[in-house]
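In what follows, a single structure is set out as C-alpha cells and then discussed.
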Number of protein chains: 2
Amino acid sequence: MSYLIGEFSRLSGISIDTLRYYEKEKLIAVNRNSSGRRIFTDADLQWISFIKRLKETGMPIQQIRRYAFLRGQGDSTLRERLTLLKNHRAFVLEQKRIWEEHLSHLDQKMEFYEKKIAASEK
Amino acid sequence: MSYLIGEFSRLSGISIDTLRYYEKEKLIAVNRNSSGRRIFTDADLQWISFIKRLKETGMPIQQIRRYAFLRGQGDSTLRERLTLLKNHRAFVLEQKRIWEEHLSHLDQKMEFYEKKIAASEK
DNA sequence: GCTTGACCTGGAGTAAACTCCAGGTGGTAT
DNA sequence: ATACCACCTGGAGTTTACTCCAGGTCAAGC
C-alpha cells in the first residue's frame, strides 16, 4: 500500500509539516509520483514509528539522521547501527535509573509535606 | 550564610544569567543589599536544588512558578502544594514506566540486529 | 583619584524542533 | 471549463529556556 502525505500523516500521527521537515532533515527519503507528490509506503510507516521512538527517548535529530544515513547504505552498516543502538541503550538505561531516583526523592518530599500538614492540623 | 550571585552560582551549579532569569520569571524571590546586589541564602540553595529537580523531571517553568508562588504564601498553601506534587508524582511514575518500555523495545530491536548480523556472516 | 572586578539593567540573540504562510500546481468532480 | 482540494516550495515565525551584550554602578586596592 502507498499513501499521500495527508493520509500518511493520519496513519503515523505526525503532522504534514513535520513529515516534510523530516524529509528536509534527511530522516526519511520519500519517493514522488509523476506529479511530484510524496508517496509513502508501509515500510515508511515502520521506519517513522522507530523514529518516533528514538525521538521519545531523547535522541536528537542529528543523530537520527546519522542512523537514517547508515540505514540507507544497506546491510553493510548493520554493525555500526547496532553499535549506535548499544550506546543509546546505555543512555536509556541511565534515564530509567534517573526517573527511579526522581520518584523516590519526590516520595520523600511528599512524606515531609504530609507530616507538616498533619502537624499544622492539630 | 549569605552569598553574592557569583558565589551562589558556583554553589548551586546554575549560571549567573540563569539565576537572574529565574528571578525575572518569579521562580525565586531574592533580597538585595544596600547597593542593590542580590543576596542569596542557604535557604535559597535548598529551594534552588528543588527547582533543579523539578526541572529535571520535566516540569515547565510556568508550573514551577505556580509552586513558587504558593510557597511564598506560607503554610496555608501546604495542601495545594501537596496536591501539585501528587499530580507531578503521577507524571514521574509514568515517565519511569515509559523508559522501562523504551528499554525493552530497544533490547528487542538490538536482538533483531544481532540475529541479522549473525545470519549475514556465515 | 583611578582602575579593576563583580555586580546591575533592558533587551537582543540562540538552539532545537517544529509550525505556519503566501503563492503556485495538478487531478477530479460538477 | 471552472471550482475545489490536497498537494507543492521557500522562507518566515514560534516556543522554551536560556545566554549574551552594551552600557552603567559600586566598593576596594594601589
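A, B, ... follow the sequence lines: proteins, then strands. Residue 1 opens every chain. All of these numbers come straight from a predicted model, not from anything done at the bench.
Here the closest non-hydrogen pair linking A/Gly74 and A/Arg81 is O-NH2, 2.9 Å. In terms of heavy atoms, A/Met110 sits closest to B/Leu82 at O-CD1, 3.8 Å.
Taking a 4.0 Å limit (strictly below) on heavy-atom distances, residues 16-28 of chain A reaches DNA chain C at A/Asp17, A/Thr18, A/Tyr21, A/Tyr22.
Within a 6.0 Å sphere centred on CD of B/Gln108, heavy atoms belonging to other residues, nucleotides or ligands number more than 12. The neighbour count for A/Phe91 CZ, taken as heavy atoms of other residues, nucleotides or ligands under 6.0 Å away, is above 12.
Distances from the side chain of B/Leu4 to the nucleotides D/dC7, C/dC7, D/dA17 place C/dC7 closest. Considering only the side chain of B/Arg38, C/dT9 comes nearest among C/dT9, D/dT19, D/dC18. The side chain of A/Lys55 lies closest to C/dC18 when the candidates are D/dC8, C/dC18, C/dC8.
Within the structure, the salt bridge (charged side-chain N to carboxylate O under 4.0 Å, His left out) test picks out the following pairs touching residues 46-55 of chain B (sequence neighbours left out): A/Glu101-B/Arg53.
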- Note on the structure: Quick tally for nucleotides 25-30 of chain C: nucleotides whose base has a protein heavy atom under 4.0 Å get B, sugar-phosphate-only ones S, the rest -, giving -BS---
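Considering only residues two or more places apart in sequence or on other chains, A/Lys116 meets the salt bridge (Lys or Arg N to Asp or Glu O under 4.0 Å) condition with B/Asp75.
In this structure, the CG atom of A/Asn31 is 17 Å from the C1' atom of D/dC7, given to the nearest Å. Going from atom CD1 of A/Ile14 over to atom P of C/dT19 covers 10 Å, rounded to whole Å. Between the OH atom of B/Tyr3 and the P atom of C/dA6 there is a distance of 19 Å, rounded to whole Å. Look at CZ on B/Phe8: it is 18 Å from C1' on C/dC8, rounded to the nearest Å. Nucleotide D/dA17 holds its P atom 11 Å from the CD atom of B/Gln63, rounded to whole Å. Rounded to a whole Å, the NZ atom of B/Lys52 is 15 Å from the C1' atom of D/dC18.
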Side-chain donor-acceptor pairs under 3.5 Å in residues 38-45 of chain B, sequence neighbours left out?
unit_1	atom_1	unit_2	atom_2	d
B/Arg38	NE	B/Glu23	OE1	2.7
B/Arg38	NH2	B/Glu23	OE1	2.9
B/Thr41	OG1	B/Ala43	N	3.3
B/Thr41	OG1	B/Asp44	N	3.2
B/Thr41	OG1	B/Asp44	OD2	3.3
B/Asp42	OD1	B/Tyr3	OH	2.6
B/Asp44	OD2	B/Thr41	N	2.9

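Taking five base pairs at each end of the helix from C/dG1-D/dC30 to C/dT30-D/dA1 and finding the rotation axis that steps the C1' atoms of four pairs onto the next four gives two axes whose angle is 20°, to the nearest 10°.
Ring planes of B/Trp47 and B/Tyr67: parallel class, angle under 30° (limits at 30 and 60°).
Taking 4.0 Å as the cut-off between side-chain N and carboxylate O, A/Arg97 and A/Glu94 count as a salt-bridged pair.
Contact annotation: A/Arg32 side-chain N/O to D/dT9 OP1/OP2 distance is under 4.0 Å. Within the structure, every side-chain polar atom (N or O) of A/Arg65 is placed at least 4.0 Å from both OP1 and OP2 of C/dA16.
The backbone N or O of B/Glu80 sits nowhere less than 3.5 Å from a side-chain atom of B/Thr77 that would complete a donor-acceptor pair. Judged purely by atom type and a 3.5 angstrom limit, A/Arg89 has no side-chain atom pairing as donor or acceptor with the backbone of B/Leu106.
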